[in-house]
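Please read the structure below before turning to the comments.
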2 protein chains.
Amino acid sequence: MTGELGPNLDTVLGKAVAILRSFTPEDQVLPLAELVRRTGLPKASAHRVAADLVGHQLLDKVPGGYRLSGGMFELGMRASAERTLLELAMPFLQDLYERTHETVHLGVTDGHAVVYVAKIGGHRQAPAPSRVGGRMPLHCTAIGKVLLAHAGPEVRKSVLTGPLERRTPHTIVAPGLLRRQLDAVLETGIAFEREESTPGLLCVAAPVLDFDGHTALAGISVTGPVGRYRPESHATAVRAAAQALGSVVSRGRSGRPGRSG
Amino acid sequence: MTGELGPNLDTVLGKAVAILRSFTPEDQVLPLAELVRRTGLPKASAHRVAADLVGHQLLDKVPGGYRLSGGMFELGMRASAERTLLELAMPFLQDLYERTHETVHLGVTDGHAVVYVAKIGGHRQAPAPSRVGGRMPLHCTAIGKVLLAHAGPEVRKSVLTGPLERRTPHTIVAPGLLRRQLDAVLETGIAFEREESTPGLLCVAAPVLDFDGHTALAGISVTGPVGRYRPESHATAVRAAAQALGSVVSRGRSGRPGRSG
DNA sequence: ATCCTACGTTCCACTGAGTGGGACGGATCC
DNA sequence: GGATCCGTCCCACTCAGTGGAACGTAGGAT
């Protein structure tokens, strides 16, 4: 429903946030001109605000432009919800990795996307497009389906009625089929993805449920390449890890998960 | 040399940054009054700026106060230098963990501190105070010593002449002794820490060197509890991992490491 | 029940921080 | 040579931002 358009450029803070948000996970350094293009700010304003951000250690000025600085990283890692989740999850993710030696993901919902909180893998991991701090659509990833299945009816409906972006020939773009899969997820506690977001990748995921047994706080997945990897054979392990993490996370929490779209 | 005092509170951005920086890794949610105390801002200003930050999804308003939001986490994870390092390092850290089953750290320098970029461990990890995104002094941690040994002469001198904060009875507070240890690090490529930052913890670390063989881009360490854990027995593995990571990171970079103190 | 203190919220008249069009110099391309 | 894109700097205008003050409420002490 929300127009979800960028920050208000009429305030300093809006300008600053717009500049910071210009950086995608793929960008390393952006020249001033690019910041101007992406934000729509006047050149002089962008220049000044960027310089201020450098002064505040949120940006680095490097030959060729600006980049998000280590100070930004530090600050981001202090976000309590995500960091706590990450810290509690790490041992379980390790177990999963050690057992499978495939790429393990931990992700949470934000709006209509999965945001990856952790990604661990070895030297020969399947080339997944996912990145920590990056986003992927809900409807075409295993973690996404798991989160979507447990999401509130509004989100679920909004995704199912909205256009389902086709990422690969296997992406599920039929709302009916997707709905049936989501119902299955609620029954089995497991979701699969078969080359629906990226050709050559298979995926199993399970929900990390709050103690109420309904709200999904996060999702865990194991990803591998078509060929050597059989997602079904790890379903039990993923579900067990997610369940265990859920019970740990549930301890010592009464509040809401936060985050809304 | 730098007074290193907080952001300029006379600008909106300064106020915003001051508020964001009020959060330490230990804080979950801070009430408005606490933000006022920590930043020194007038109550009304703090209230307004905090509300703006909520609007920009950098803070969440939760019962009891404010906390750094998921949007902040996302943004921080886009800091290219740290994220790239993290992604490249993960497989090597995994190897180390699998081999040792002790807590593995990856850290970089900022000023006179180590900032931890990754921390992976299992269910029964030694209770280390380190946190991802958190800081520890250079002189009393294994990674810190490794980074300090390879730091520029200014930083090294500045730390050695400055006061060496005592953290435990074992903390090295004698500049001469520390200097000798640093020299040894340059020769052996390994640093140890024996309950110098935290009672009951032992640690080995090795530097991740740039292709020039001098600049330390990061440090890797393996930490374990007094008793079952013998740091010496993992020295070789840690050094090998750090070296391998160094050669991978060095590929495809010509620029500077960035970050200064 | 009453006082007191500490909190979050709101109001609003004042003012200087922030604004951005424009001008400048340097690179690069054709 | 001219055209184009870049980063930087200037500076008179103005409205976004300011913060003292007043308010309602919650909780603890008496």
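This one's a predicted model, so the numbers in the text were calculated from it and none came from an experiment. Chain A is the first sequence line, chain B the second, and so forth, proteins listed ahead of strands; every chain is numbered from 1.
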Worksheet, complete the sentence: L30(A) CG to dG7(D) P, in whole Å, measures 11 Å
Discussion item. Which label fits F92(A) and H123(B): parallel for a plane angle under 30°, tilted from 30 to 60°, or perpendicular past 60°?
Written reply: perpendicular
Item to complete: Using whole Å, report how far CG of L35(B) lies from P of dA6(C).
Response: 18 Å
Item to complete: Examine the side chains of S130(B) and H105(B) and answer whether a donor and an acceptor come within less than 3.5 Å of each other.
Response: yes
Discussion item. Without decimals, in angstroms, what is the distance between I19(A) CD1 and dG20(C) C1'?
Written reply: 14 Å
Discussion item. Looking at R166(A), is its backbone amide N or carbonyl O close enough to the side chain of T171(A) to form a donor-acceptor pair, meaning the two atoms are under 3.5 Å apart?
Written reply: no
Discussion item. Is it the case that the side chain of R156(A) and the backbone of V159(A) share a donor-acceptor pair, with hydrogens and angles ignored and the cut-off at 3.5 Å?
Written reply: no
Worksheet item: OP1 or OP2 of dT19(C) less than 4.0 angstrom from a side-chain nitrogen or oxygen of K15(A), does that happen here?
Response: yes
Practice prompt. Taking the side chain as every heavy atom from C-beta outward, state whether V108(A) and F73(B) have any pair of such atoms under 4.5 Å apart.
Written response: no
Worksheet item: Checking salt bridge (Lys or Arg N to Asp or Glu O under 4.0 Å) for the pair K157(B)/E154(B): CA distance, chi angles, key distance, verdict?
Response: CA-CA 5 Å; K157(B) 181 173 179 185; E154(B) 330 79 37; over 6 Å; no
Worksheet item: Whole-Å distance between dA6(C) P and E34(B) CD?
Response: 14 Å
Worksheet entry | M77(B) vs L86(B) side-chain heavy atoms within contact, under 4.5 Å | yes
Worksheet item: To the nearest 10 degrees, how far apart in direction are the end axes of the helix from dA1(C)-dT30(D) to dC24(C)-dG7(D), each fit to five base pairs?
Response: 50°
Item to complete: Go through residues 37-53 of chain A and report each residue with a non-hydrogen atom lying under 4.0 Å from DNA chain D, sorted by number.
Response: R37(A), K43(A), A44(A), H47(A)
Fill in: For atom NZ of K61(B) and atom P of dG8(C), their distance in whole Å
8 Å
Worksheet item: Between L9(A) (CG) and dG17(D) (C1'), how many Å, whole number?
Response: 17 Å
Response to the item:
Judged by nearest nucleotide, the residue sitting upstream toward the 5' end of DNA chain D, Y66(A) or T11(B), is Y66(A)
Worksheet, complete the sentence: note: L59(A), atom CG; dG7(D), atom P; distance rounded to Å ~ 14 Å
Worksheet item: Within the distance-only criterion (no hydrogens, no angle test), does the side chain of R67(B) pair as donor or acceptor with the backbone N or O of V62(B) below 3.5 angstrom?
Response: no
Worksheet item: For L13(B) and dG18(C), what is the distance between atoms CG and P respectively, to the nearest whole Å?
Response: 8 Å
Worksheet entry | Working for salt bridge (Lys or Arg N to Asp or Glu O under 4.0 Å), residues K15(B) and D52(B) | CA-CA 11 Å; K15(B) 289 187 232 280; D52(B) 289 351; over 6 Å; no
